[in-house]
Number of protein chains: 2
Amino acid sequence: MDKLPLHISISSDLYTKNPESSVLGQKIVSKSIEMIDALGFEDFTFKKLGVEIGSNESSVYRYFESKHALLVYLINWYWSWIEYKLVFSTLNVPSANERLTKAIFIVTAEVTEDNAFSYINEVLLNKIIVSESSKAYHTKAIDDENKKGYYKTYKRVVQRISDLVLELNPSYEFPHMLISTVIEGAHHQRYFSKHLPSLTDFEEGKNNIVRFYENLVFKALAKK
Amino acid sequence: MDKLPLHISISSDLYTKNPESSVLGQKIVSKSIEMIDALGFEDFTFKKLGVEIGSNESSVYRYFESKHALLVYLINWYWSWIEYKLVFSTLNVPSANERLTKAIFIVTAEVTEDNAFSYINEVLLNKIIVSESSKAYHTKAIDDENKKGYYKTYKRVVQRISDLVLELNPSYEFPHMLISTVIEGAHHQRYFSKHLPSLTDFEEGKNNIVRFYENLVFKALAKK
DNA sequence: TTACTTATAATAGTAATACTATTATATTTG
DNA sequence: CAAATATAATAGTATTACTATTATAAGTAA
């Protein structure tokens with residue numbers, strides 16, 4: 001499934017010029033992923049990116065109006081990709097219980113396999129989501145950006161999984177809170193496990209993050 | 001309880017000169033809280049702060065070596081304050097169940113009352129924690145800073161509540177994950193409720209955030 | 001092939017940021 | 001009153017996150 005050369009298309013509101021449309025654009029996206037992962041979002045600049053891709057700062061601005069806009073683009077690409085994985089892995093699975101289990105796995109497990117067909121390294125992109133994505137929406141411009149559709153892919157993923165929750169337990173009061181808590185929580189736990197381990201109960205190779213959230217969700221949904 | 005003129009002392013590793021030790025220092029702290037809340041952390045600068053407190057940028061640097069350091073100081077002050085509230089509100093409460101309920105309330109409820117005895121506005125500080133605190137630890141310097149004790153107050157709060165969890169259910173596998181998920185999650189839900197409401201099931205005046213996390217925790221801990 | 005269009009690169013410049021360093025002037029304390 | 005300390009003012013720096021302009025290269029249509 002991961003090996004499909006799937007094509008992810010991103011709303012044109014999220015770029016100035018479509019980076020898919022040229023070799024330079026693709027290099028901007030793939031190199032920026034490597035560099036944001038390596039340097040962190042703060043120390044990443046279009047100037048440094050220009051040097052790495054053998055081009056110029058000003059050329060990067062023709063694709064993205066700011067580095068914030070580039071981060072938002074990457075985040076949307078990521079959630080589109082997750083959405084594909086969700087749809088494929090739950091297709092033709094009759095049991096709602098099993099579909100929800102698969103969905104939880106997709107959003108809480110570490111991404112370890114890169115889809116070699118694309119110029120986007122999903123392993124690094126997942127690391128960026130874990131470490132940097134909260135900076136995209138913790139901004140004073142959030143309300144304007146939300147209106148422009150900057151976060152709609154993420155919201156759609158949450159909605160999809162919330163629908164599975166309601167299928168299993170139609171009277172559950174907090175499906176969106178449950179799923180956004182699981183998604184954001186899993187990212188935090190991955191980050192904490194590496195940097196502030198006393199905030200977690202992470203143990204290498206024991207899948208504790210996935211198991212914890214699976215357990216949390218199914219207990220929350222169980223009817224007494 | 002909230003009205004006690006309690007004194008919160010902050011480790012000297014978290015400032016260059018103790019802001020409590022002078023009127024200027026106190027003004028720096030109280031005004032920076034107002035300004036970070038109003039402008040957001042990115043647009044807040046020591047220069048603007050200097051103007052507001054009728055002093056100079058360079059004077060602020062004598063108290064905090066950077067605006068990041070100031071944010072870390074505020075975060076630690078906040079968690080020390082929460083720790084006080086936790087200790088007081090669970091003192092002499094015999095039932096472990098009730099103590100955990102109170103603890104969850106303290107970390108998930110909105111802060112609406114300001115302790116007028118202090119120069120720190122806890123309502124605004126809570127808003128800063130919700131909107132800005134993740135920027136403090138999502139930095140490439142996290143490991144160094146963690147070694148220097150920048151996050152120890154927060155870790156202590158998580159540890160305290162995790163201990164309550166284990167008291168109620170000693171065989172529960174993920175007490176730290178559960179509590180850090182609840183705390184971070186509640187902050188996210190408060191933020192989402194204002195800016196990305198479709199990620200929540202927030203309804204004004206229905207206490208859904210507190211109820212959701214209370215429900216989540218007690219169901220997770222229930223033994224079948 | 002030429003002319004036109006479009007993409008890219010190079011250069012320069014700007015206001016602001018996040019500081020550092022130095023000196024001058026108050027204020028406190030011994 | 002002198003000495004020490006705190007604060008304020010001034011200036012300066014490297015870098016950032018851009019914008020604007022021009023030059024050059026490549027692709028395409030007549």
Side-chain angles (χ1 to χ4, degrees), chain A residues 12 14-32 35-36 38-74 119 132 135-136 138-141 144-145 150, chain B residues 12 14-32 35-36 38-74 119 132 135-136 138-141 144-145 150:
Chain A
S12 63
L14 296 170
Y15 49 74
T16 307
K17 178 186 164 130
N18 191 348
E20 283 186 282
S21 70
S22 73
V23 175
L24 181 65
Q26 295 179 16
K27 268 162 84 178
I28 286 171
V29 170
S30 67
K31 202 72 195 180
S32 69
M35 291 182 78
I36 293 172
L39 305 175
F41 187 64
E42 284 74 19
D43 290 349
F44 165 78
T45 69
F46 281 2
K47 193 166 195 175
K48 291 176 187 169
L49 176 62
V51 172
E52 286 287 313
I53 60 177
S55 177
N56 197 274
E57 199 185 1
S58 57
S59 305
V60 180
Y61 278 100
R62 304 186 72 255
Y63 290 84
F64 296 101
E65 66 182 28
S66 64
K67 75 175 189 172
H68 173 76
L70 170 56
L71 180 61
V72 170
Y73 177 90
L74 295 178
Y119 56 92
E132 315 290 348
K135 294 167 192 171
H138 281 125
T139 170
K140 282 281 162 183
D144 278 349
E145 295 188 350
Y150 280 28
Chain B
S12 63
L14 296 170
Y15 49 74
T16 307
K17 176 184 165 131
N18 191 347
E20 283 186 280
S21 70
S22 73
V23 175
L24 182 66
Q26 294 178 16
K27 268 161 83 178
I28 287 171
V29 170
S30 67
K31 202 73 195 178
S32 70
M35 291 182 77
I36 293 172
L39 305 176
F41 187 64
E42 284 73 20
D43 290 349
F44 164 77
T45 69
F46 280 2
K47 193 166 194 173
K48 291 176 188 169
L49 176 62
V51 172
E52 285 287 313
I53 59 177
S55 177
N56 198 273
E57 200 186 0
S58 57
S59 306
V60 181
Y61 278 101
R62 306 185 72 254
Y63 290 84
F64 296 101
E65 67 183 27
S66 65
K67 75 175 189 172
H68 173 76
L70 170 57
L71 181 61
V72 170
Y73 177 91
L74 295 179
Y119 56 92
E132 315 290 348
K135 295 168 191 170
H138 281 125
T139 169
K140 282 281 163 185
D144 278 350
E145 296 188 348
Y150 280 27

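Chain naming here is simple, since letters A, B, ... match the order of the sequence lines and numbering starts at 1 in each.
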Determine whether Glu20(A) and Tyr119(A) satisfy the following criterion, side-chain contact (heavy atoms from CB on, under 4.5 Å), listing intermediate values before the conclusion.
CA-CA 10 Å; Glu20(A) 283 186 282; Tyr119(A) 56 92; 3.3 Å; yes

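- Rounded to an integer number of Å, the gap from NZ of Lys27(A) to P of dA7(C) is 17 Å.
- Across all strands, Lys17(A) comes closer than 4.0 Å only to sugar-phosphate atoms, never to a base (heavy-atom distances).
- Counting only heavy atoms from C-beta on, Thr45(B) has its side chain closest to dT17(C) among dT17(C), dT16(D), dA8(D).
- Remark: P of dA20(D) and OH of Tyr61(A) are 12 Å apart, rounded to the nearest angstrom.
- Side-chain nitrogen and oxygen atoms of Ser22(A) include none within less than 4.0 Å of the OP1 or OP2 phosphate oxygen of dA7(C).
- An OP1 or OP2 oxygen of dT15(D) is reached within less than 4.0 angstrom by no side-chain nitrogen or oxygen of Lys48(A).
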Would Lys140(A) and Asp43(B) count as a side-chain contact (heavy atoms from CB on, under 4.5 Å) here? Give the steps.
CA-CA 9 Å; Lys140(A) 282 281 162 183; Asp43(B) 290 349; 5.5 Å; no

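- Between Lys67(A) and the phosphate of dA17(D), there is a side-chain N or O to OP1/OP2 separation shorter than 4.0 Å.
- Taking atom CD1 of residue Ile28(B) and atom P of nucleotide dA6(D), one finds them 13 Å apart after rounding to whole Å.
- When rounded to the nearest whole Å, the span between CZ of Arg62(B) and P of dC19(C) equals 17 Å.
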Between the protein and nucleotides 10-13 of chain C, are there any N/O to N/O pairs under 3.5 Å, and if so, what are the atom names and distances?
residue : atom : partner  : partner atom : Å
dA10(C) : N7   : Ser58(A) : OG           : 3.3
dA10(C) : N6   : Ser58(A) : OG           : 3.2

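- Taking 4.5 Å as the limit, every side-chain heavy atom of Glu65(A) sits out of range of all side-chain heavy atoms of Tyr61(A).
- Between the P atom of dG27(D) and the CG atom of Leu24(A) lies a distance of 14 Å, rounded to the nearest Å.
- A salt bridge does not link Glu57(A) to Lys47(A): none of the charged side-chain nitrogens sits closer than 4.0 Å to a carboxylate oxygen.
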Given protein heavy atoms under 4.0 Å, the one-letter contact record of nucleotides 24-30 of chain C, with B base, S sugar-phosphate only and - none, is simply -------

Go through the steps for Ser22(A) and Tyr63(A) under the test side-chain contact (heavy atoms from CB on, under 4.5 Å), then give the verdict.
CA-CA 10 Å; Ser22(A) 73; Tyr63(A) 290 84; 2.6 Å; yes

Is there a side-chain contact (heavy atoms from CB on, under 4.5 Å) between Ser32(B) and Leu74(B) once you walk through the steps?
CA-CA 9 Å; Ser32(B) 70; Leu74(B) 295 179; 4.2 Å; yes

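- Using a 4.0 Å heavy-atom criterion, one finds that Phe64(A) contacts no nucleic acid atom at all.
- Listed for the Thr139(B) side chain is no donor-acceptor partner under 3.5 Å among the backbone atoms of Ala136(B).
- At the heavy-atom level, Phe46(B) lies nowhere under 4.0 Å from the strands shown.
- Annotation: side chain of Phe64(A) is not in contact with side chain of Thr16(A) (no heavy-atom distance under 4.5 Å).
- Rounded to a whole Å, the NZ atom of Lys47(A) is 14 Å from the C1' atom of dT19(D).
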For a quick test of your reading: what N or O donor-acceptor pairs under 3.5 Å do the side chains of residues 66-73 of chain A make, sequence neighbours left out?
residue  : atom : partner   : partner atom : Å
Ser66(A) : OG   : Ala69(A)  : N            : 3.1
Lys67(A) : NZ   : Phe41(A)  : O            : 2.8
Lys67(A) : NZ   : Glu42(A)  : O            : 3.2
Lys67(A) : NZ   : Phe44(A)  : O            : 2.9
His68(A) : NE2  : Glu145(A) : OE1          : 2.9
His68(A) : NE2  : Glu145(A) : OE2          : 2.8

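- Rounded to whole Å, the distance from OH on Tyr63(B) to C1' on dT5(D) is 11 Å.
- Between the CG atom of Leu49(A) and the C1' atom of dA9(C) there is a distance of 14 Å, given to the nearest Å.
- Residues Ser12(B) and Asn18(B) form no side-chain contact, since every pair of their non-hydrogen atoms from C-beta on lies 4.5 Å or further apart.
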